[in-house]
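Order of appearance sets the numbers: ligands from 1, and atoms from 1 within every ligand.
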Amino acid sequence: MTDRPTIETLLREGRTFPPPAEFAARANVSDPAVHERAEADWQGWWASWAERLDWDRKWDTVLEWDAPWARWFVGGRLNASVQCLDRHVAAGHGERVAFQWEGEPGDELTLTYADVLAGTCRIANGLKSLGVGRGDRVTLYMPMVPELAMTVLACARIGAVFSVVFAGFSAPSLRDRIHDLEAKVVVCADACWRRGQVLDLKAVVDEAVADCPSVEHVLVWNRGEGAASASPGTERDRSWREVVAGQSTECAPESMDSEDPLFVLYTSGTTGKPKGILHTTGGYLTHVLATSNLVFDLKAEEDVFWCTADIGWITGHSYVVFGPMANGVTQLMYEGAPNHPRPDRFWELVEKYGVTILYTAPTAIRAFMKWGDEWPNLHDLSTLRLLGTVGEPINPEAWTWYHQVVGGGRCPIVDTWWQTETGGIMITPLPGITELVPGSATRPFPGVKAGLVDESGAPIEGPGAGYLVVERPWPGMLRGIWGDPERYVETYWSRFPGRYFPGDGARRDERGYYWVLGRVDDVMNVSGHRLSTMEIESALVSHPAVAEAAVIGVPHELKGQAPVAFVLLRQGHESSDALAAELREHVAAEIGKLARPEAVHFAPELPKTRSGKIMRRLLRDLAAGKAVGDVTTLADPSVLQQLKTEYEGRE
Ligand code: WT7
């Protein structure tokens, strides 16, 4: 343990990490010129990955690009669930384990690819019996259980468009998403386990669907022994036992067009209303197949892959369900919290299941770091050969801790930059060839072309900093925003015409490596999850005591950023600690616990421009204790002094 250099030494030395020789020797990609080769014929490169899928009908054209509208593998037909299941079974790998699952209380389940295919078909037949067919929408509200992955695949099998809502979202958030999508069926679990508690998910669904006329049925999966099961009571509610359990384990897959919708996933934007990000079939599968294979170096016969993300986020869609399963690898899935019952739960799981590749978020790594080296050190982590991170920039200190304490100094780390909209990984090391620099996501994935532009949209060449852009279409890109084509064009393609703008700022160094700096819009990143300041402001304003609200993201040791609110009360309401607490809970109830502000400050006035726009920048400077920048546009400069007194008084 002690022959390893200290983290301080490594950081001070500014060390870089070339691929370990033994890793490089067996890596899926070892050609150092792979980026250049892909660049020379980027459409051909993507097509070579599409060829690894099982198409019912091959495409006629790789890409039709009518900016900003893309169609990939035009004319091709395929079914997404077949890529993840049938073809592995047909190739003789039906007995390979697809999921080793562990519930938080310690219950276990092992499912082979043949089991998952059978289970998926049962659910698909059950959904059909409820009247779900091609093009119908199904909303899923479930914890991390194999049934969630199977329900996703079942929807894909029958051509229904699925939308998973993370089971930490509140009833109003769930309702808005069901509404926007006009879902016909909601599939939920009655309950789940979190930190030793049983959470009643069915109650949240009941509250949400009370207001959703499109919903014909709610299909309820029972979490089983020990869980508080809300019994299905109405005609609307159907139990899993009644609808799914007795179904046939065969269901012919629908042959879908390459551009048929596969799923809609809601994410926060700069307005109060979440955006339904639309992903389609052939291009998305090609992108996640290729990136899983090369970035995670997956070896289907050997690896045990563990992506700790929930399927309610894009990471779980792409790197629990479709990418790893299209590659036919064995995965670990875990229901609960990383520190239950003790802070070594993750490391216990790595040891018990022999995890070889671990993909998690910087916020989790920072928490592990804080809990102390003794927890990972209690376990044999020697099966690990590759580590990954996603969701936010990783500070070099956390990177180095992950590398040394979890990876034993022997595992490359892939820091992967991408987003809900990109569908799959966009900027990332390739672990067999990329020399790593802690904190940098390094280079665009082969076939992806990124760039930097300045405020005016002029490209920045060589080293520099600016707005991150993507220069041309890629197969996993979003195809639009559900029901709102203008917002798609406006949000992503208008700021820098002809270029995709993800909303991030970045720096590029002398090696050409990218350092993603964070959002440059009114979106914050809390524990790797995207939150809109406007959405939290709207939630606050919906409380009867609140006249106006301004929300900012402030730096937070563990979460990366945390929301902090400044609130102006209505006449007749007095500021108090009790009201601050009530407002924090109000946001949690309106959106979900992850959006609960770290602090609520009562302000006599909010800083505004003469045209009435809230100057969040000033609030950010104030919260950061920085000298407040340019205030010449402030309508009433005295507001700032009042705010300062209030803010500092409460610290
Ligand atoms: C935003 C996307 C991609 C799945 C998880 C979040 C930030 C993501 C990194 C990274 C620096 C990152 C960006 C991006 N982000 N990965 N490796 N380094 N920043 O998905 O909710 O769509 O959020 O997360 O700001 O725009 P998301």
How far is [atom] from its nearest protein heavy atom, and which residue and atom name does that atom have?
{"atom": "atom 3 (C) of ligand 1", "result": "Trp418 O, 3.2 Å"}
{"atom": "atom 6 (C) of ligand 1", "result": "Gly528 O, 3.8 Å"}
{"atom": "atom 25 (O) of ligand 1", "result": "Asp504 OD1, 2.7 Å"}

ask   = With no hydrogens and no angle check, is any side-chain donor or acceptor of His556 less than 3.5 Å from a backbone partner on Pro563?
value = no
Trp515 side-chain N/O to Ala506 backbone N/O, donor-acceptor pair under 3.5 Å = no
request  = For Val164 and Ile311, work out which heavy atoms get closest and say how close.
outcome  =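 Scanning both residues, the minimum pair turns out to be CG1-O, 3.9 Å.
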note = Result for ring pair (Phe, Tyr, Trp, His ring centres under 6.0 Å) between Tyr319 and one of Phe305, Trp313, Trp418 points to Trp418
task = Just jot down the ligand 1 atoms closer than 4.0 angstrom to any heavy atom of Thr416, in number order.
result =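 In order of number, 9 (C), 10 (C), 16 (N), 17 (N).
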remark   = A student checking ligand 1 against Val516 at a 4.0 Å heavy-atom cut-off should list atoms 11 (C), 19 (N)
task = Find the distance between CZ (Arg472) and CH2 (Trp42) and round it off to the nearest 0.5 Å.
result = 5.0 Å
task = Say whether Gly391 and ligand 1 are in contact under the criterion: heavy-atom distance to a ligand atom below 4.0 Å.
result =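 It does; at least one heavy atom falls under 4.0 Å.
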Return a yes/no value for [X]: is any of its N or O atoms, backbone included, closer than 3.5 angstrom to an N or O of ligand 1?
{"X": "Val390", "result": "no"}
{"X": "Thr389", "result": "no"}
{"X": "Gln419", "result": "yes"}
{"X": "Asp415", "result": "yes"}

request  = Quick one: do Phe322 and Leu262 satisfy side chain to side chain contact (heavy atoms under 4.5 Å, CB included)? Show the steps, please.
outcome  = CA-CA 11 Å; Phe322 292 102; Leu262 180 61; 4.1 Å; yes
Side chain, backbone, both or neither: which applies to [X] and ligand 1 if a contact is any heavy-atom pair less than 4.0 Å apart?
{"X": "Asn525", "answer": "side chain"}
{"X": "Ile314", "answer": "side chain"}
{"X": "Pro393", "answer": "both"}
{"X": "Thr315", "answer": "side chain"}

request  = Pick, from Arg519, Arg530, Glu392, the option with the minimum heavy-atom distance to atom 19 (N) of ligand 1.
outcome  =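 That would be Glu392.
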task = Look at the aromatic rings of Tyr467 and Phe496 and report parallel, tilted or perpendicular, splitting at 30° and 60°.
result = tilted
message = Centroid separation under 6.0 Å, is that true for the rings of Phe501 and Tyr492?
response =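 Between Phe501 and Tyr492, which both carry aromatic rings, the centre distance is not below 6.0 Å.
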remark   = By ring-ring contact (aromatic ring centres under 6.0 Å, His included), Phe23 pairs with (sequence neighbours left out) none
note = For residues 424-453, the salt bridge (Lys or Arg N to Asp or Glu O under 4.0 Å) pairs (sequence neighbours left out) are Glu36-Arg443, Glu435-Arg511
